[in-house]
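Structure first, then comments.
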Amino acid sequence: MNIKIKKIIESCLQEIDLEDEVISKTLSSVDFVEVQKTTSESHGDYYSNIAMKLSKFLRKNPETIAKQIKAIILEKKYEQIKNIEVKKPGFINFFIENSARASIVTKIIKSKNIFDGFKSMNPKKIHLEFVSANPTGPLHVGHGRGLIYGKTLCSILRTQGHDVHTEYYVNNIGKQIDILSISVVLSLMNLKKPFNDVDIYNGKYISTIASKLKIKYEDKLIPLKNDLTKKDSFSSFLEYIMVNLDSYLELRNSVIDIIIYEYIKIDLDELDVVFSNWFLESELIKNNFVYNILDKIKDKDLSYLKDGAIWFKSTKYGDDKDRVLVRANGALTYFATDIAYHSIKLKKYDQIINVWGSDHHGYVPRLLNALKGIGYDTTKISIHLIQFANLYRDGEKISMSTRSGEFITLKSLIDEIGSDAINFFYIDKKIEQHLDFDINTALSKDKDNPVYYIQYAHARIEKIKSKIDLNKLDFDNAQLLESKEQALLRLLNSYEDTFRMAINTLQPQMITNYLYKLSQSFHSYYGNIKIIDDEINYSRVSLIIAIQKVLKDGLNLFNINAPEDM
RNA sequence: GCGUCUGUAGCUCAGUUGGAUAGAGCAUUAGCUUCCGAAGCUAAAGGUCAGAAGUUCGAAUCUUCUCAGGCGCUCCA
C-alpha cells in the first residue's frame, strides 16, 4: 500500500511545475519520495514528508506545497484513499479505506507462511560460524547468547532463501587444550597440585572424564608420578609428560572427543542446533595450509623474524604493536591459524558471518588487515559482536567463571527454564546491548514473562476456534468497526515492514517486540469485545485467526512453541 | 593511557535507520469475574532521552567534545 501511495505522489509531482533542474536533482533519486506508516492513528495510515523536502528547492512554504499535492490527488479520486490531511510543518497524511486496511486479514489467512514473501532476489552462499566455544568444558550460560543468536541468524537467512552453511570452529590445539589435558592427567593420578604459572581446570566434569580414561592410561602414568610431583610449573610438567608419555597426543584427542560428543553436542541437541560442519583447527596444520598462508604474508613483506618468533606488521595498520604469528617455540598462534581458516572461507563463500563475543573486538581489525594484506576482499566478512549476558536470580547476579568450575551449565539452565524461554530471551535484546537475563522472569507464568504472554494469546485464540464451526468462516470488513479492531488491523498491516526491516538488518528483537505488541493488542481486544456472543461474528474470528497465524509463524521462526493449550 | 560498545521513567528495555505529543513490562496507586481461559483487562502516576555545542524545516537517532559504566589492549583463544 505504501508503494502505491508513493507512485501516486510521484505521478502527481509531474503535474506540479517544477523546474527541470529540480526534477533532475530530486526525482532522479529513487527514494526521494518517502511514504511511511504513521505512529499515531490521528495522523492516518501513511504519511509523506515530500512537501518539506521540496520546499528547499521550490523556496516555498512546505504547507502550501502539501496543499497543492493534496488537491491534485483528491481530484483524481483513488478508490482506496478515503481522505488526505495536511498537518503542521507540511506532512501529508493519507487515510485509507477500511476495506483496504482489512484486506490484510484474508491475505494472511491465505498465505502458507507469513515469511514466504521475504525471499531474497539474489540468494547467496553464506558461511555462518557461531558458538565455537573452546572444547575445554561443557557449554555454560555465557555461551548461550551467541549460540541462540547464531542459530536465529541461520533461520532468518534461510527464510530469505540463502544457502547457509553453519560451522563450529573447534580450537583443538594450543595451550588451553594442553591445560585441559593436564588437568585430566592430574585427576587420573590423584595428584592435587597448584602450578605457579597457570590455573588448571577443576570442574566436576574433569574427574568424570578421567574416570572414563582410567583403564587406558592409569598404568602408564603411575611410574611417572614420582618425578612429576617435583615439577611445580605447568610448562615443565607438560614437557615431562610429552617426553615420557608417548600416548599423550592420543590422550589429548580423547579428552576433546569426550567433551565434544558427550557434553557440547548433547547440549546443542537440546536446542535443536545442528551444525553443517565441525571444523578442526588442527586440520589447518595437517595439510600445511597455515604455512602456505604464512609464506604469502612473508612475500607481501608483512612479517619479520624477531626474538625467535615471526611477527605480523600490524602496526602498519594502526595497531599498538606487532603481533606474533609463530612463537619462538615454533607453535602457531590462534591468530595465524585464524587467518588461514578465513582464507578458506573467503574462497568458497559469497558472504561470511562470524558471531563472536564482544571481548574479541580488538582482534577484529588485526585479522581483517592481515587478510586484506594478502589480497582478500574482506568486505565479504561481517563480524557480529555480542555483548555479555548476566544472569540474575532473586535479584542477585550469578557469576560464571569457567576455570573455577563454578559456572552454570547451559544444560542446567535449559532444564530449569525450558528451551522456549532460552530461545526468546537471548535474542530479545539488541546484541550491542548488555543483557540482564532474569531467571525469575523466565520462570514466571504471567504477563511479566513475554514468552508466556505471547503463547497465551496463541492458546486463547485456539480455544475460541475449537468452539465454532470453521467451515462457516466468512469475512466482511464492515463487521470490524470497533476501534480495537481498527488498531489490530493497523498493527497487522505493519508486520511486513517490521519483519522486512528485522530480516534485512538481522535484528531478531524487532520481530519479538512486534509479536509482543500484537499479543498485547489482542489481549486487550479479547478482554473488551465478545467474539462469540449470542451470534458468532465470523469476521472477528477471521481477524483473530490471522493474528494467530502471525504469532505462530513468528514464534516458529525462533524455534519457540506455539501451544494450542497450556 | 589507547581502542571499542553502552548510557532513554525507580528497575529491565523498545523506539520501524532524521519525523508529529518519546513507548512497553515490572514496581507503585485505584478499579474490573453470574459472560469466549483473570496465565487476563481498565485507568492513574512516573522523562532535562547522561551533559554541552553543532548540522536543518525537524535530533533519542547524525557530527564533535565532556562525564559515567562494560569489554579489550598475552609469544592466551
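Source: prediction; values computed, not measured. Each chain gets a letter, A, B and so on, in the order its sequence line appears, and its residues count up from 1.
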Whole angstrom value for the distance that separates C1' of B:C32 from NE2 of A:His523: 17 Å
Euclidean distance, atom CZ of residue A:Phe335 to atom C1' of B:C75 [Å, nearest integer]: 13 Å
Touch class at under 4.0 angstrom, heavy-atom based, for A:Asp338 against every strand present: nothing
Given B:U17, B:G40, B:A14, the nucleotide with the shortest approach to the side chain of A:Lys430: B:A14
Candidates B:A77, B:C26, B:G3 - which lies nearest the side chain of A:His361: B:G3
Between P of B:U6 and CG of A:Asp359, the distance in whole Å: 16 Å
side-chain hydrogen bond (donor to acceptor under 3.5 Å, both in side chains) contacts touching residues 302-311 of chain A (sequence neighbours left out): A:Tyr304-A:Asp322
5′-ward residue of the pair A:Ile532/A:Tyr516 relative to RNA chain B: A:Tyr516
Sugar-phosphate, base or nothing in reach of A:Lys484, heavy atoms under 4.0 Å: sugar-phosphate
Sugar-phosphate, base or nothing in reach of A:Ile529, heavy atoms under 4.0 Å: base
Nucleotide of B:U16, B:G25, B:A14 approaching A:Gln433 most closely (side-chain heavy atoms): B:A14
Integer angstrom distance from the C1' of B:G7 to that of B:U66: 14 Å
Nucleotide B:U6, atom C1' - distance to CG of A:Leu385 in whole Å: 14 Å
Single hit among A:Phe289, A:Phe335, A:Tyr334, A:Tyr169 for ring-ring contact (aromatic ring centres under 6.0 Å, His included) with A:Tyr341: A:Tyr169
A:Arg327 side-chain N/O to B:C76 phosphate OP1/OP2 under 4.0 Å: yes
Separation of atom CE in A:Met566 from atom P in B:A38, rounded to whole Å: 13 Å
Test: A:Lys463 and A:Glu564 ion pair at under 4.0 Å: no
Pairwise P distance, B:C49 and B:C32 [rounded to whole Å]: 38 Å
Sugar-phosphate or base contact per nucleotide [nucleotides 18-23 of chain B; S, B, -; heavy atom under 4.0 Å]: -BBS--
For B:U33, glycosidic torsion class - syn if within 90° of 0, otherwise anti: syn
Test: A:Lys37 and A:Asp45 ion pair at under 4.0 Å: no
Basic-acidic side-chain contact under 4.0 Å: A:Lys345, A:Glu167: no
Pair A:Lys87 + A:Glu85, salt bridge at N-O below 4.0 Å: yes
Sugar-phosphate only, base, or nothing, as touched by A:Lys463 at under 4.0 Å among non-hydrogen atoms: base
P spacing across the pair B:G46 / B:G23, given as an integer number of angstrom: 14 Å
Atom of A:Lys429, atom of A:Leu435 and distance for their closest heavy-atom approach: CG-CD1, 3.3 Å
Phosphate contact (B:C41 OP1 or OP2) by A:Tyr453 side-chain N/O below 4.0 Å: yes
Side-chain N or O of A:Gln520 closer than 4.0 Å to phosphate OP1/OP2 of B:G25: yes
Member of A:Tyr426, A:Phe424, A:Phe388, A:Tyr392 meeting the ring-ring contact (aromatic ring centres under 6.0 Å, His included) criterion with A:Phe437: A:Tyr426
Phosphate OP1/OP2 of B:U16 contacted by A:Lys37 side-chain N/O (<4.0 Å): no
Rounded distance in Å between the P positions of B:U8 and B:A60: 15 Å
A:Phe499-A:Tyr495 aromatic ring centre distance below 6.0 Å: yes
Sugar-phosphate only, base, or nothing, as touched by A:Arg500 at under 4.0 Å among non-hydrogen atoms: nothing
Ring centroid separation A:Tyr149 to A:Phe130 under 6.0 Å: no
Touch class at under 4.0 angstrom, heavy-atom based, for A:Lys530 against every strand present: base
Pair A:Arg393 + A:Glu396: basic N to acidic O under 4.0 Å: no
Any A:Ser358 side-chain nitrogen or oxygen under 4.0 Å from OP1 or OP2 of B:G70: no
Dot-bracket line, read 5' to 3' along RNA chain B, where crossing pairs take [ ] and | marks a partner on another strand, Watson-Crick or G-U under 3.5 Å: (((((((..((((.....[...)))).(((((.......))))).....(((((..]....))))))))))))....
Whole-Å gap separating C1' (B:C36) and CD (A:Gln548): 14 Å
Sugar-phosphate only, base, or nothing, as touched by A:Asn172 at under 4.0 Å among non-hydrogen atoms: nothing
Distance, nearest 0.5 Å, that separates CG of A:Leu555 from OG1 of A:Thr512: 10.0 Å
Residue A:Gln509, side-chain heavy atoms: nucleotide from B:C71, B:G15, B:C26 that is nearest: B:G15
Any A:Gln507 side-chain nitrogen or oxygen under 4.0 Å from OP1 or OP2 of B:U17: no
Sugar-phosphate, base or nothing in reach of A:Ser524, heavy atoms under 4.0 Å: sugar-phosphate
Gap between atoms NZ and C1', on A:Lys397 and B:U12 respectively (whole Å): 15 Å
Nearest-Å distance for atom pair CE/C1', residues A:Met501 and B:U61: 13 Å
Nearest listed nucleotide, side chain of A:Ala309, among B:C75, B:U42, B:C5: B:C75
